[in-house]
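Some notes on the structure that comes next.
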Amino acid sequence: MKHINMGLMALALASTFAHAATPQDLGGSLTPLGGEKAGGNGVPEWKDENPALPGWSYGKLRREFFKYKDDKKTDTIDASNVDKYASKLTPGQIALIKQIKGYKMDVYPSHRYCSAPDFVAENTKKNSIAKIGPDGWSLAEAVVPGIPFPLPKTGEEAMYNSKMRYRGVAFELKSTITAVSPRKGSTEWIKAGSQQTMYFPWANKGSANLSTLPPVEYYTYFAYNSPTALAGQALSIATFLNQPGSETFYYFPGQRRVRRMPSYAYDSPQIGMENQYTLDEPMVFNGTVDRFDWKLVGKKEMLVPYGSFGGTEFKTKFEDVAGDEFIAENARRYELHRVWVVEATVKAGVRHLAPKRTFYIDEDSWNLVAADDYDAQGKLWKHREAYVIPVYETGSCDQAGFAQYNLAEGRYVFDLHSVGTGRDLAWEVDGKGNPRAKASFYSADNLRAISDR
């Protein structure tokens, strides 16, 4: 595996944008969430537009109502021309193309439409009060729901913008398959079927100071239904904004009991995934930021997944999207966008399986769109990418599935999608009548009660 010099990578970002804007520019020369409205170097100007065609309702395929669904690809990046595009790709993307036979990236015209509802934009304008806590990593204050730091000055601030982006009150995977591709020489997948819910207690319509609310980024609930080894297991997790780790309750059906698992966080391997998937890898990054030092490198134009609806194809067979070595070419769409580049280095005295990581955050939506991980020897190890789409329910953009490639072992993870399940992903904007849109649902007692049924 090729060694990557992180210092040289930082120097390669000489095209980083100078940003002398002020909060008063939000909605003017800046987008409502802090991106630069102006285009340049192949990136188009941001437009205040609705990317959805009329007629969509839940249960209809989202891709069919995407305004730009009929765009024609402008190029295909493969092993024969990848060096030509290297300055617009992450080291992980380049490695995938060079290492995996047949892996390609189809490039499409770029469109910038990601935004948020008016109340989120107004709260973002008020976020001169947002601040990181005295510990240097927790989020102490912000007006929510809104982007805390639309003009970030540090890596921690940029990461919190991603964490606190507006996704509605709840994101529900009514049926999903957490999949790990076969080992080399095998055809046997890990396919863990489950239902999942993420609840964001600070995201109700309106305006509130974060300091007046419970310091929870989000709650999540999993309930596995397959394979046999996992079926019946369930867990509730609270991820905090000011407390290291998470509070995890795990139900084991063989014992008919709930166990508290304080160490089930960070780079702990997820149960049943053959050490291919840790707790802090979902959604490109998951969990608290306390174990790393975060450096905001700057902005750069990069080819990233965008308007990429492959993870929402709930009527399509799983194997038509997820091949043995990579996500199908026609399920991935790449566009040129400006992204914030953030480098994470594990703190002195702390251990992590990936002590160096580089994250790429879309400037318009604050979604994490890609990441590269490096092992303890400094070798490129894993690449992650999230498939960003416009969410018709929320008026914002979000991830709809993501993939993680283990470049050392030749396996990949595909998660948080609806492919092959028969049920679409769902975003809720108020949560009324949904028992999972309440903090009490995620208690140990409730987990035991609903799991024992």
Side-chain angles (χ1 to χ4, degrees), residues 23 26-27 30-34 115-171 197-220 236-247 265 280 283 285-292 294 296 340 342 361 365-368 394-398 427-432 436-443:
L26 293 169
L30 301 179
T31 71
L33 303 184
S115 189
D118 289 345
F119 64 93
V120 176
E122 288 302 311
N123 289 342
T124 299
K125 289 180 180 179
K126 301 173 185 176
N127 261 327
S128 58
I129 72 166
K131 61 181 179 181
I132 299 294
D135 54 17
W137 68 265
S138 63
L139 184 60
E141 186 62 288
V143 182
V144 293
I147 299 300
F149 308 101
L151 304 176
K153 297 180 178 63
T154 68
E156 289 87 353
E157 291 180 354
M159 293 300 289
Y160 272 115
N161 288 347
S162 180
K163 287 174 163 295
M164 303 299 286
R165 70 191 187 277
Y166 181 69
R167 309 175 69 186
V169 171
F171 173 50
T197 301
M198 301 177 193
Y199 166 51
F200 310 98
W202 44 265
N204 288 298
K205 184 176 180 179
S207 181
N209 284 10
L210 185 64
S211 59
T212 68
L213 304 172
V216 175
E217 178 192 344
Y218 78 102
Y219 297 97
T220 188
S236 291
I237 303 174
T239 301
F240 297 96
L241 294 166
N242 66 351
Q243 178 177 319
S246 62
E247 185 174 66
D280 65 0
M283 300 178 288
F285 180 81
N286 178 59
T288 51
V289 302
D290 58 298
R291 290 198 172 180
F292 288 87
W294 302 86
L296 186 64
W340 288 98
V342 178
I361 309 173
S365 67
W366 294 104
N367 274 282
L368 282 158
T394 63
S396 60
C397 291
D398 201 5
W427 286 261
E428 293 196 24
V429 296
D430 58 36
K432 293 179 180 178
R436 298 185 184 187
K438 296 180 179 179
S440 59
F441 180 85
Y442 302 89
S443 68

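Positions are given from 1 along the sequence. Small disclaimer: the values here were computed from a predicted structure and weren't measured.
No donor-acceptor pair under 3.5 Å is formed between the side chain of E122 and the backbone N or O of D118. Judged by distance alone, the side chain of W202 and the main-chain N or O of E217 form a donor-acceptor pair under 3.5 Å. A donor-acceptor pair is defined here as one N or O able to donate and one able to accept, closer than 3.5 Å; no such pair exists between the side chain of W137 and the backbone of D135. Looking at S396, its side chain never comes within 3.5 Å of a backbone N or O of S115 through a donor-acceptor pair. A donor-acceptor contact shorter than 3.5 Å links the side chain of K163 to the backbone of G287. In terms of modelled atom types and a separation under 3.5 Å, the side chain of N123 and the main chain of G206 share a donor-acceptor contact.
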Take V169 and F200 through the test side chain to side chain contact (heavy atoms under 4.5 Å, CB included) and record every step on the way to the result.
CA-CA 5 Å; V169 171; F200 310 98; 5.9 Å; no

Residue pair R436, E428: steps toward the side chain to side chain contact (heavy atoms under 4.5 Å, CB included) verdict:
CA-CA 11 Å; R436 298 185 184 187; E428 293 196 24; over 6 Å; no

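Nearest approach of G245 to A265, heavy atoms of both residues: CA-CB, 4.2 Å. Of all non-hydrogen atoms in T394 and G168, the two that sit nearest each other are CG2-N, 4.0 Å. Of all heavy-atom pairs between I129 and A142, the closest is CD1-C, 4.4 Å. Here the closest non-hydrogen pair linking Y442 and T197 is OH-CG2, 3.6 Å. Contact record, T212 with N209: OG1-O, 2.7 Å, taken as the closest heavy-atom pair. The two residues A158 and I361 make their nearest non-hydrogen contact at O-CD1, 3.7 Å.
Atoms CG and CD1, on L139 and I132 in that order, are 5.5 Å from each other to the nearest 0.5 Å. Rounding to the nearest 0.5 angstrom, the gap separating the OG1 atom in T124 from the OH atom in Y166 is 12.0 Å. Separation of atoms CH2 (W294) and CD (E156) is listed at 8.0 Å; rounding is to 0.5 Å. Once rounded to the nearest 0.5 Å, the distance linking CG of N127 with CD of E157 reads 10.5 Å. Atom CG of D280 is separated from atom CG of N286 by 7.5 Å, given to the nearest 0.5 angstrom. Once rounded to the nearest 0.5 Å, the distance linking SG of C397 with CG of L33 reads 9.5 Å.
Under the rule for a ring pair (Phe, Tyr, Trp, His ring centres under 6.0 Å), the partners of W427 that lie at least two apart in sequence or sit in another chain are F171. By the side chain to side chain contact (heavy atoms under 4.5 Å, CB included) test, K131 is found to be paired with A140, E141, residues two or more places apart in sequence or in another chain being considered. Not counting sequence neighbours, the partners of K438 by the side chain to side chain contact (heavy atoms under 4.5 Å, CB included) test are S440.
Using a 4.5 Å cut-off on side-chain heavy atoms (C-beta onward), L241 and Y160 make contact. Here the side chains of P152 and L296 are in contact, with some heavy-atom distance below 4.5 Å. The shortest distance between side-chain heavy atoms of P23 and L151 falls below 4.5 Å. Counting only heavy atoms from C-beta outward, the side chains of F119 and P145 approach each other to under 4.5 Å.
Outside the 6.0 Å centre-distance limit, the rings of F149 and W340 are not counted as a close aromatic pair.
The aromatic rings of F285 and F292 sit perpendicular to each other, their planes meeting at more than 60°, with 30° as the lower class boundary.
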